[in-house]
Engineer: 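Pasting a structure below so you can have a look.
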There are 2 protein chains.
Amino acid sequence: MTKPFSIAEVAADAGVSPTTVSHALSGKRAVSKATRERIQASVERLNYRPNMVAKGLRSQRTNTIALLVADITNPYYPAVARSVHDVLTKDGYFAFIVNTDGDPTSERNALREMLARSVDGVIMQPMSTTVEEMRSIVGPAMPLVVIGDKKGAQDADQVLTDDAMGIHECMRYLAGKGNTEIAFISGPPGNGPGDTRLAAFRDALAAVKLPVREDWIDRTPYTRDGGAVAGMRMLARAERPRAIMCANDLIAIGVMDAARAANLRIPDDIAIVGFDNIETADLVSPRLTTVDNPAASVGEACATALLRRITDGRDAPHQVIALPTKLIARESA
Amino acid sequence: MTKPFSIAEVAADAGVSPTTVSHALSGKRAVSKATRERIQASVERLNYRPNMVAKGLRSQRTNTIALLVADITNPYYPAVARSVHDVLTKDGYFAFIVNTDGDPTSERNALREMLARSVDGVIMQPMSTTVEEMRSIVGPAMPLVVIGDKKGAQDADQVLTDDAMGIHECMRYLAGKGNTEIAFISGPPGNGPGDTRLAAFRDALAAVKLPVREDWIDRTPYTRDGGAVAGMRMLARAERPRAIMCANDLIAIGVMDAARAANLRIPDDIAIVGFDNIETADLVSPRLTTVDNPAASVGEACATALLRRITDGRDAPHQVIALPTKLIARESA
DNA sequence: GCACCCTTGCAAATCGATTTGCATATCTTG
DNA sequence: CAAGATATGCAAATCGATTTGCAAGGGTGC
């Protein structure tokens with residue numbers, strides 16, 4: 001065969017109508033044992049599987065969801081994607097994974113494309129788009145789970161990590177070791193995790209009674225290269241901080257590159273801490289002190305919340321799932 | 001609105017028939033300028049986008065492909081996935097990414113599921129399934145690009161890396177440094193890259209006139225943990241090799257863990273080399289000597305080949321794209 | 001033996017977009 | 001100005017599965 005068999009062919013083969021085949025397979029209406037077995041035999045012989053596109057059109061359910069991330073190349077996202085995948089697969093769902101690069105236009109386009117594809121739901125970590133804008137694109141009925149943005153909880157279910165918790169712990173740790181001159185390198189401004197973490201950083205510094213120096217706050221793309229560039233910028237300042245916290249581990253690794261290039265010892269000359277605790281953080285040298293972001297739990301929570309929203313419908317109460325973060329003290333700070 | 005608008009609603013709004021809207025949008029039949037503009041205005045006002053599910057059912061083209069990988073958590077795959085994504089997006093395609101864990105049942109199920117979803121094509125790195133079996137599942141018409149398996153080129157387009165090239169170079173390098181006792185830790189047996197690489201290893205040893213010791217050949221899952229386990233096993237042998245080549249970088253990193261745990265210095269006591277050259281390879285300490293597997297080029301080649309196959313149809317000549325690999329000599333060997 | 005119910009099966013409508021066949025309106029051209 | 005060509009629009013069929021409404025066959029009870 002050059003094309004999968006249709007229900008009509010199964011019906012013909014079994015000598016019944018397509019209706020009966022459908023009922024026999026779905027069990028929505030009784031079908032005599034004899035007929036059912038005959039149909040079953042035909043199904044197996046022809047290797048029939050219902051066409052999900054047709055099914056999706058009729059039932060308005062595609063068993064498909066969208067996972068929108070900034071860049072799958074950042075190891076944090078595969079970890080999320082993997083547990084999302086594992087939860088979904090059990091229920092027969094599959095995911096489109098789309099990279100948006102955190103770009104507002106890409107984010108919106110991706111949302112529109114996914115809507116046009118009738119996905120049953122969307123999981124997204126917005127970088128440049130507010131939850132309200134997202135909602136306005138996908139319409140009020142689309143199940144939507146947003147990673148890590150407390151704002152807009154009325155427009156979407158939320159899975160948020162308590163970034164402030166880990167960052168406070170981190171600042172206490174740094175201050176406890178005598179660090180008073182601490183910089184922060186965040187991601188690009190917008191609606192991404194960098195903003196949340198920067199805000200938490202400001203709070204945390206205040207909590208340990210340290211001043212915030214605006215000239216020690218920088219922003220750069222969430223990549224190793226971005227970190228290297230911002231790191232060089234930071235370390236080239238006339239007054240240079242003694243510690244740098246970064247919005248994610250990739251930036252921190254880039255800053256380590258910059259520190260090495262500037263012949264600075266880590267952590268003696270410059271302490272560096274990251275955020276996420278990606279696998280690599282434990283592998284670099286010196287091993288990166290960072291805040292653990294439980295990617296697998298985030299993914300699992302997102303997928304579970306989304307599936308629940310899909311089955312419960314839009315009137316079910318909003319879900320807000322908060323996950324803890326914690327400092328992982330290693331060698332870089 | 002609680003649901004996207006349909007072509008019928010656009011037609012009603014513009015005061016024409018759905019047919020005319022379709023023709024106006026596709027340009028397959030002339031539509032007077034006035035009508036066309038009126039339709040365009042309605043489209044924009046209602047924010048109409050054609051329903052891809054309906055379109056897919058009618059046209060038998062979903063603008064969707066499947067990317068089947070063993071485990072998206074292995075950094076090699078995100079690198080491939082990213083360039084696949086970038087090529088596809090330009091042409092309005094999106095990808096399901098499915099993890100198979102290299103398990104034969106999962107691989108087959110995934111193929112069947114993707115077939116049922118009418119994807120326009122499949123990119124897969126098979127681990128336990130032959131190309132022939134894959135072809136028998138998806139049928140003769142499905143565009144299929146396989147990563148790295150020379151066998152079965154009559155059943156699918158191929159993107160293969162010349163693993164033997166890098167491995168020969170590596171053995172020459174190792175032998176040149178005086179290593180004569182070299183082990184190989186491969187992946188699970190089946191149809192995956194480990195088999196190809198192990199075969200190349202045997203050839204390469206012979207080429208540098210070194211004997212192959214069967215007790216220095218082991219197999220383990222393609223993960224860091226797998227590498228750690230096999231590494232411990234290997235290093236606990238009465239006669240222990242002086243160098244270990246691994247089927248991928250993750251295994252190599254696990255072997256480094258094992259070496260450290262056994263208080264062995266790398267590379268002095270035990271040289272370790274990996275395969276893939278994932279980002280992390282350059283970050284671990286000591287920096288991992290490995291064979292570069294050009295993931296981005298692989299992804300790009302896969303996506304390009306698949307799109308071409310989709311547009312050219314199944315009678316177009318088979319594509320076999322070979323990409324070079326090369327030794328990246330760093331510190332671990 | 002009649003009425004009623006339950007089981008089982010089918011025809012037809014539906015989801016939304018595309019496309020073919022047909023019909024009308026407009027335009028050329030000799 | 002007649003006739004053929006061209007432009008433009010619509011109704012209906014189609015893709016494949018689901019589901020509703022209808023009907024026939026079989027069985028039961030009184």
Side-chain angles (χ1 to χ4, degrees), chain A residues 1-40 42-43 46-64 92 115-120 139 141, chain B residues 1-40 42-43 46-64 92 115-120 139 141:
Chain A
M1 44 89 175
T2 195
K3 234 179 46 173
F5 288 105
S6 74
I7 198 171
E9 293 165 298
V10 175
D13 186 82
V16 296
S17 79
T19 314
T20 308
V21 175
S22 175
H23 283 143
L25 293 179
S26 71
K28 298 214 169 167
R29 206 122 125 181
V31 170
S32 73
K33 186 144 177 274
T35 323
R36 194 173 351 111
E37 282 171 354
R38 202 146 31 83
I39 289 173
Q40 190 53 41
S42 294
V43 163
L46 301 184
N47 219 309
Y48 169 74
R49 311 205 86 200
N51 179 324
M52 294 298 285
V53 176
K55 197 166 180 162
L57 177 59
R58 172 65 225 235
S59 66
Q60 307 290 30
R61 297 277 256 69
T62 53
N63 270 236
T64 291
L115 177 64
R117 278 173 158 72
S118 300
V119 295
D120 293 341
Chain B
M1 45 85 176
T2 195
K3 237 180 44 171
F5 289 105
S6 74
I7 198 170
E9 294 166 296
V10 175
D13 186 82
V16 295
S17 79
T19 315
T20 308
V21 175
S22 176
H23 283 143
L25 293 179
S26 71
K28 297 213 172 173
R29 207 124 122 180
V31 170
S32 74
K33 187 146 177 273
T35 324
R36 197 178 342 116
E37 282 170 355
R38 199 145 34 82
I39 290 174
Q40 190 52 41
S42 295
V43 163
L46 302 184
N47 218 310
Y48 168 74
R49 309 206 88 200
N51 180 323
M52 294 299 284
V53 176
K55 198 167 179 161
L57 177 59
R58 172 66 225 233
S59 66
Q60 306 290 29
R61 296 278 255 74
T62 54
N63 270 237
T64 291
L115 178 63
R117 279 173 156 74
S118 300
V119 296
D120 293 341

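Letters go in sequence order (proteins before strands), and every chain restarts at 1. What's counted below: heavy atoms across the whole structure, side chains too, no hydrogens, waters or symmetry copies. Please read these numbers as outputs of a predicted model, since none were measured by experiment.
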Engineer: Within the 4.0 Å heavy-atom criterion, would you say A/Val53 contacts the bases, only the backbone, or no part of the nucleic acid?
Structural biologist: nothing
Engineer: Within the 3.5 Å criterion, strictly below it, is a donor on B/Ser22 or B/Thr19 matched to an acceptor on the partner's side chain?
Structural biologist: no
Engineer: How would you list all residue pairs meeting side-chain hydrogen bond (donor to acceptor under 3.5 Å, both in side chains) that involve residues 23-34 of chain A, not counting sequence neighbours?
Structural biologist: A/Ser32-A/Thr35
Engineer: What does B/Thr35 touch in the nucleic acid at a heavy-atom separation under 4.0 angstrom: a base, only the sugar-phosphate, or nothing?
Structural biologist: sugar-phosphate
Engineer: Which is true for A/Val21 with a 4.0 Å heavy-atom rule: it touches a base, it touches only sugar-phosphate, or it touches nothing?
Structural biologist: nothing
Engineer: Among D/dG16, C/dT8, C/dT20, find the nucleotide with the atom closest to the side chain of B/Thr19.
Structural biologist: C/dT20
Engineer: Ignoring hydrogens and angles, does a donor from either the side chain of B/Arg29 or the base of D/dG9 sit under 3.5 Å from an acceptor on the other?
Structural biologist: yes
Engineer: Using a cut-off of strictly less than 4.0 Å, decide whether B/Gln60 has a side-chain nitrogen or oxygen near OP1 or OP2 of C/dT18.
Structural biologist: no
Engineer: Under 4.0 angstrom, heavy atoms only, what part of the nucleic acid is B/Ser6 near: base, sugar-phosphate, or nothing?
Structural biologist: sugar-phosphate
Engineer: Base, sugar-phosphate alone, or nothing: which one does B/Ser22 contact when heavy atoms must sit under 4.0 Å apart?
Structural biologist: base
Engineer: Rounded to the nearest Å, what distance is computed from the NZ atom of residue A/Lys3 to the C1' atom of nucleotide D/dG16?
Structural biologist: 9 Å
Engineer: Does B/Tyr48 place a side-chain N or O at less than 4.0 Å from the phosphate oxygens OP1/OP2 of C/dG16?
Structural biologist: no
Engineer: Counting side-chain heavy atoms from CB outward, which of C/dT8, C/dT20, C/dA17 is closest to A/Ser32?
Structural biologist: C/dT8
Engineer: Between B/Ser59 and A/Ser59, which has a closest nucleotide on DNA chain C that is more 5'?
Structural biologist: A/Ser59
Engineer: Rounded to the nearest Å, what distance is computed from the CG atom of residue A/Leu46 to the P atom of nucleotide D/dG16?
Structural biologist: 15 Å
Engineer: Whole angstrom is fine here: how far is it from NZ in A/Lys28 over to P in C/dT7?
Structural biologist: 19 Å
Engineer: Quickly work out the A/Leu115 CG to C/dG16 C1' distance and round it to whole Å.
Structural biologist: 14 Å
Engineer: Please state how far atom CG in B/Asn51 lies from atom P in C/dC15, giving the value in whole angstrom units.
Structural biologist: 12 Å
Engineer: Can you measure A/Leu57 atom CG to C/dC15 atom C1' for me and round it to whole angstrom units?
Structural biologist: 4 Å
Engineer: Rounded to the nearest 0.5 Å, how far apart are NZ of A/Lys55 and CE of A/Met52?
Structural biologist: 5.5 Å
Engineer: Can you find a donor-acceptor N/O pair under 3.5 angstrom joining the side chain of B/Ser17 to the base of D/dA11?
Structural biologist: no
Engineer: Using atom CD1 of A/Ile7 as one end and atom P of C/dG9 as the other, report the distance to the nearest whole Å.
Structural biologist: 14 Å
Engineer: Kindly compute the distance separating OG1 (B/Thr62) from CG (B/Leu57), expressed to the nearest 0.5 Å.
Structural biologist: 11.0 Å
Engineer: Could you state the CZ-C1' distance from A/Arg58 to C/dG16, rounded to the nearest angstrom?
Structural biologist: 12 Å
Engineer: Report the distance from atom CD1 of B/Ile7 to atom OG of B/Ser42, rounding to the nearest 0.5 Å.
Structural biologist: 11.5 Å
Engineer: Reading DNA chain C from 5' onward, which residue's closest nucleotide shows up sooner: A/Val16 or B/His23?
Structural biologist: A/Val16
Engineer: Are A/Lys55 and D/dG16 close enough that a side-chain N or O sits under 4.0 Å from OP1 or OP2?
Structural biologist: no
Engineer: Is a side-chain donor or acceptor of A/Arg36 paired with a backbone partner of A/Ala24 at a separation under 3.5 angstrom?
Structural biologist: no
